[in-house]
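Following: one structure in structure tokens, then a few remarks.
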Amino acid sequence: MKLNPHFRSADEVETPGNLRDLCGWSDQVDPIESDLIDTEQRVFGELVEESPATFTERIARTPLDAMFERWTQFQADKGRYAGSADWSLLDEFAHGSPLVWFPQIIGSCVVSNTFRRWVDRLTYQIVFLGESMEHLGRNESGPENYSPYGPFWYGLARQKANMRRGDGLYAGPMVWAMMQGALRSDDERLAGILQRAGLNAASDFPEPQGRDGAELYRRFGRHEFVNELKPRIQYPLGESLDVTSADQLWDLLQAGKPSFKCSMEAIHKVGEHPDGFAIHARNRRDSWAHNMSFAGCFISSDGERWFRESNESWGAQHIYNRAFDEVDRAFRGGGLTVRAIGEIEGPESQPPQFAA
């Protein structure tokens with residue numbers, strides 16, 4: 001069967017040749033799942049004690065009627081039926097074409113798959129809720145791109161977790177870093193650092209590329225430049241929820257709140273749907289100590305519910321279609337650390353100033 005290209009998703013799941021280097025949930029060479037989960041639970045508990053309001057769900061605001069009507073029709077044209085909330089399409093809807101960022105080059109998956117959902121959430125607030133905030137940029141690449149600068153979050157989160165060696169990160173410190181704020185890719189102080197490193201080409205945003213880019217990413221991961229850039233951050237995350245069930249995940253996605261996920265789950269193809277998309281599920285013969293994200297949910301022509309699980313840090317087509325019941329079993333089985341990206345608190349855009 002020829003798959004529907006509007007699903008922009010993987011067919012057979014191909015893992016990178018350097019898979020071991022890209023699995024960055026933790027900074028251990030051979031991570032143990034129970035240790036990772038214990039660490040996540042401990043860190044999350046500490047975060048809740050520090051800032052309980054951040055981890056309390058806010059009432060979702062109603063999207064603008066006219067925009068929601070356009071969105072519903074757009075989804076229908078892409079093969080998503082009534083009741084869908086597939087935010088993996090939001091870039092195309094809001095900006096005219098998909099935002100295709102380069103794949104991760106080190107074990108930075110916790111940042112590399114999460115910043116994409118952060119951009120979705122900010123876009124949702126601007127486009128659907130009509131908030132008077134600005135996108136961080138107007139381009140897919142270059143310093144004026146839509147995303148925060150990834151290595152800064154990597155360094156900030158690893159500094160919080162006191163991690164210096166190896167690659168990798170946890171979900172808890174990533175949430176904390178987003179709570180502090182984001183660094184624009186066109187920040188002037190950052191521009192000086194990147195110019196000295198020779199990593200200011202358009203392709204080096206929002207994550208630097210090549211061997212030199214990998215080294216710079218790791219320098220951030222060893223906390224270099226972080227203290228210098230901290231005072232320049234903005235757009236703090238004001239809401240992040242601990243997601244513990246498929247029903248909760250579905251409701252949050254309906255409210256425009258995507259999530260990121262750390263787990264040992266590997267994914268593979270298990271079938272094809274008559275609507276023209278590949279069906280994916282957990283591959284119990286494999287494991288990835290990895291971060292992915294839930295980028296949306298949709299309803300197929302037969303009324304079944306599906307989640308869109310994004311692993312775009314491996315490439316633009318690495319989006320997986322998982323049945324609601326299959327994800328529900330994964331939650332019930334334990335082993336998933338899922339955090340929602342809710343309200344982003346940003347500076348209001350200012351009207352231009354004209355001379356009298």
Side-chain angles (χ1 to χ4, degrees), residues 1 3-4 7-41 88 103-110 112-114 116 166-171 243-246 249-250 259-298 300 304-339:
M1 180 178 71
L3 298 181
N4 183 346
F7 278 89
R8 287 166 48 193
S9 62
D11 184 9
E12 298 290 347
V13 177
E14 297 181 1
T15 57
N18 60 336
L19 173 63
R20 188 180 182 89
D21 297 330
L22 302 181
C23 290
W25 182 37
S26 170
D27 63 349
Q28 304 173 29
V29 175
D30 293 304
I32 299 172
E33 183 177 27
S34 60
D35 290 345
L36 297 178
I37 294 171
D38 288 346
T39 298
E40 291 287 13
Q41 291 175 339
S88 72
Q104 68 182 102
I105 56 174
I106 67 168
S108 60
C109 58
V110 177
S112 299
N113 272 318
T114 299
R116 291 166 162 87
D167 293 344
L169 192 52
Y170 298 96
V243 186
T244 59
S245 72
L249 177 62
W250 183 274
S259 298
F260 69 98
K261 181 197 82 171
C262 291
S263 76
M264 297 295 290
E265 285 192 325
I267 303 296
H268 66 158
K269 180 181 177 181
V270 296
E272 294 179 356
H273 192 275
D275 286 1
F277 58 86
I279 300 172
H280 303 96
R282 180 172 185 173
N283 181 0
R284 296 189 176 278
R285 297 181 179 180
D286 197 1
S287 64
W288 306 332
H290 190 47
N291 170 278
M292 296 183 277
S293 62
F294 287 107
C297 56
F298 71 96
S300 54
E304 292 296 317
R305 294 190 289 173
W306 305 85
F307 289 109
R308 295 275 280 170
E309 185 163 350
S310 168
N311 190 18
E312 291 167 274
S313 74
W314 286 4
Q317 299 303 312
H318 281 269
I319 303 178
Y320 314 132
N321 307 300
R322 298 181 66 180
F324 182 97
D325 289 345
E326 196 264 335
V327 174
D328 186 52
R329 286 193 296 273
F331 272 108
R332 293 177 186 277
L336 303 188
T337 298
V338 183
R339 309 284 186 239

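Side chains included, hydrogens not; waters and symmetry mates left out as well; all remaining heavy atoms used.
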Atom OG of Ser108 and atom CG of Leu169: how far apart are they, to the nearest 0.5 Å?
-> 9.5 Å
Would you say Asn4's side chain and Phe277's backbone share a donor-acceptor pair under 3.5 angstrom?
-> no
What is the minimum heavy-atom distance between Met264 and Pro31, and which atoms define it?
-> CE-O, 4.4 Å
Apply the test side-chain contact (heavy atoms from CB on, under 4.5 Å) to residues Ile279 and Trp306: give CA-CA distance (whole Å), side-chain angles for both, the deciding distance (0.1 Å), then the verdict.
-> CA-CA 9 Å; Ile279 300 172; Trp306 305 85; 3.7 Å; yes
Quick one: sort the Phe307 and Trp250 rings into parallel, tilted or perpendicular, breaks at 30° and 60°.
-> perpendicular
Partner residues of Ser88 under the side-chain hydrogen bond (donor to acceptor under 3.5 Å, both in side chains) criterion, sequence neighbours left out = Asp86, Arg308
Apply salt bridge (Lys or Arg N to Asp or Glu O under 4.0 Å) to Asp27 and list each qualifying residue two or more places apart in sequence or on a separate chain.
-> none
Please name the pair of heavy atoms, one in Ala171 and one in Phe260, separated by the smallest distance, quoted to 0.1 Å.
-> CB-CE1, 3.7 Å
Separation between CG of Leu336 and OG1 of Thr244, rounded to the nearest 0.5 Å | 10.5 Å
Yes or no on side-chain contact (heavy atoms from CB on, under 4.5 Å) for Arg116 and Ser293, after CA distance, side-chain angles and deciding distance?
-> CA-CA 9 Å; Arg116 291 166 162 87; Ser293 62; 5.9 Å; no
Backbone N/O of Ser313 and side chain of Asn113: donor-acceptor pair under 3.5 Å | yes
Quick one: do Leu36 and Cys262 satisfy side-chain contact (heavy atoms from CB on, under 4.5 Å)? Show the steps, please.
-> CA-CA 9 Å; Leu36 297 178; Cys262 291; over 6 Å; no
Show your working on side-chain contact (heavy atoms from CB on, under 4.5 Å) between Asn321 and His273 and close with a plain yes or no.
-> CA-CA 10 Å; Asn321 307 300; His273 192 275; over 6 Å; no
Residues passing the salt bridge (Lys or Arg N to Asp or Glu O under 4.0 Å) test with Glu265, sequence neighbours excluded, are Lys261, Arg322
Partner set under side-chain contact (heavy atoms from CB on, under 4.5 Å) for Arg20, not counting sequence neighbours = Val29, Asp30
Would you say Gln104's side chain and Leu22's backbone share a donor-acceptor pair under 3.5 angstrom?
-> yes
Could you label the plane-to-plane angle of the Phe294 and Phe331 rings as parallel, tilted or perpendicular, counting under 30° as parallel and over 60° as perpendicular?
-> parallel
Interatomic spacing from CH2 in Trp25 to OG in Ser263 - rounded to 0.5 Å | 6.5 Å
Look only at the side chain of Glu312 and the backbone of Ile319, and say whether a donor-acceptor pair between them is shorter than 3.5 Å.
-> no
In chain order, what residues pass the salt bridge (Lys or Arg N to Asp or Glu O under 4.0 Å) check against Asp325, with sequence neighbours excluded?
-> none
Taking all non-hydrogen atoms of both residues, which atom of Thr114 and which atom of Val110 are closest, and how far apart?
-> OG1-O, 2.5 Å
Does the His290 side chain pair with the main chain of Cys23, one donor and one acceptor, at a distance under 3.5 Å?
-> no
Nearest 0.5 Å please: distance from the CZ atom of Phe324 over to the CZ atom of Arg329.
-> 11.5 Å
By ring pair (Phe, Tyr, Trp, His ring centres under 6.0 Å) - contacts of Trp288 (at least two apart) | Trp314
Distance, nearest 0.5 Å, that separates CD1 of Ile105 from OG of Ser112 | 8.5 Å
Is the side chain of Glu272 donor-acceptor paired with the backbone N or O of Leu3 at a distance under 3.5 Å, no angle test?
-> no
Supply the atom-to-atom distance Glu309 CD to His318 NE2, rounded to the nearest 0.5 angstrom.
-> 13.0 Å
Do Met292 and Ile267 come within less than 4.5 Å of each other through their side chains, counting heavy atoms only?
-> yes
Short question: side chain of His280, backbone of Ala10 - any donor-acceptor pair under 3.5 Å?
-> yes
